[in-house]
Amino acid sequence: MVDHNPRSLIKLALTTGAGLVALVITLFLFGIAVRCRCIYIAPRCTARPRDTIYNPKPTDPSQKRGFPMFGWIFWAYSLSYQEMLEGVPGTGTRKGGLEGIMLKVNLDGIVLLRFYAL
């Protein structure tokens, strides 16, 4: 049975609104952590230079990832499968992320992205 009670719609609207507020707060705080170049943002970032997280004055095109709040989303989607398997440029362990061992995406992540693209 479908409940047509107006209170149900109000509860649904409040739950949706609270979820959207939580999403905005979370993205805002994550953006601040990226902007501050916090190395504890992800486990793999602790062994890498802060410029691999966010570089306010990039010297190489591979370091340009856009605005800290949302730029990383579009940057991640712009990566090719080949780059993900061989190592993402600008995420190395030496010289501000330009040299050394680059971060790679495991095959499970690439399969997930391909499945999402379908």
Side-chain angles (χ1 to χ4, degrees):
M1 290 229 129
V2 178
D3 186 13
H4 294 290
N5 189 350
R7 288 185 182 179
S8 298
L9 293 176
I10 292 172
K11 289 178 185 178
L12 180 64
L14 289 175
T15 303
T16 304
L20 288 174
V21 168
L23 174 69
V24 168
I25 290 172
T26 304
L27 283 175
F28 180 74
L29 292 176
F30 184 75
I32 289 174
V34 169
R35 179 86 169 124
C36 294
R37 303 183 321 165
C38 177
I39 62 169
Y40 302 110
I41 204 164
R44 291 183 177 185
C45 292
T46 57
R48 306 205 178 265
R50 291 182 185 267
D51 289 340
T52 60
I53 299 167
Y54 175 72
N55 192 348
K57 297 176 184 172
T59 57
D60 191 80
S62 64
Q63 294 176 326
K64 293 180 183 176
R65 298 191 183 116
F67 189 62
M69 301 283 182
F70 303 108
W72 58 272
I73 297 171
F74 304 110
W75 171 78
Y77 277 118
S78 72
L79 296 173
S80 69
Y81 296 125
Q82 191 71 23
E83 286 176 321
M84 287 189 254
L85 281 174
E86 292 177 355
V88 178
T91 61
T93 54
R94 294 189 301 277
K95 292 193 178 181
L98 297 175
E99 293 182 5
I101 300 171
M102 304 290 177
L103 283 176
K104 298 176 184 174
V105 177
N106 61 11
L107 198 55
D108 294 341
I110 293 174
V111 169
L112 178 68
L113 288 173
R114 282 193 158 204
F115 179 73
Y116 179 75
L118 292 176

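We count residues from 1, following the sequence as given. Worth saying up front: this structure is predicted, and the values here are computed from it rather than measured.
Counting only residues at least two apart or in different chains, ring-ring contact (aromatic ring centres under 6.0 Å, His included) contacts with residues 42-64 are absent. The side-chain hydrogen bond (donor to acceptor under 3.5 Å, both in side chains) analysis of residues 85-100, with sequence neighbours excluded, yields the pairs Q82-E86. Within the structure, salt bridge (charged side-chain N to carboxylate O under 4.0 Å, His left out) contacts touching residues 12-31 (residues at least two apart or in different chains) do not occur. Within the structure, the salt bridge (charged side-chain N to carboxylate O under 4.0 Å, His left out) test picks out no pair touching residues 55-82 (sequence neighbours left out). Here salt bridge (charged side-chain N to carboxylate O under 4.0 Å, His left out) pairs that include residues 19-32, with residues two or more places apart or in two chains, number zero.
Closest of all the heavy-atom pairs between P68 and R35 is CG-CD, 3.6 Å.
Remark: L79 engages W75, E83, M84, V88 in a side chain to side chain contact (heavy atoms under 4.5 Å, CB included) (not counting sequence neighbours). In this structure F30 satisfies the side chain to side chain contact (heavy atoms under 4.5 Å, CB included) test together with V34, I41, W72, sequence neighbours excluded. When the salt bridge (charged side-chain N to carboxylate O under 4.0 Å, His left out) test is applied to R37, the partners found at least two apart in sequence or on another chain are D51. Remark: T46 engages Y40 in a side chain to side chain contact (heavy atoms under 4.5 Å, CB included) (not counting sequence neighbours). Take I10 and apply the side chain to side chain contact (heavy atoms under 4.5 Å, CB included) test, not counting sequence neighbours, and it matches L14. The salt bridge (charged side-chain N to carboxylate O under 4.0 Å, His left out) check on K104 picks up nothing, with sequence neighbours excluded. Taking F28 as the reference, nothing meets the ring pair (Phe, Tyr, Trp, His ring centres under 6.0 Å) condition, with sequence neighbours excluded.
With values rounded to the nearest 0.5 angstrom, L20 atom CG is found 11.0 Å from I25 atom CD1.
Connection of L27 to Y77 is established within a shared hydrophobic cluster, with ILVMFWY side chains joined at heavy-atom distances below 4.5 Å, either directly or through further cluster members. Residues M69 and L23 fall within the same hydrophobic cluster, defined by Ile, Leu, Val, Met, Phe, Trp and Tyr side chains chained together at heavy-atom separations under 4.5 Å.
No more than 12 heavy-atom neighbours from other residues, nucleotides or ligands sit within 6.0 angstrom of CD1 on I101.
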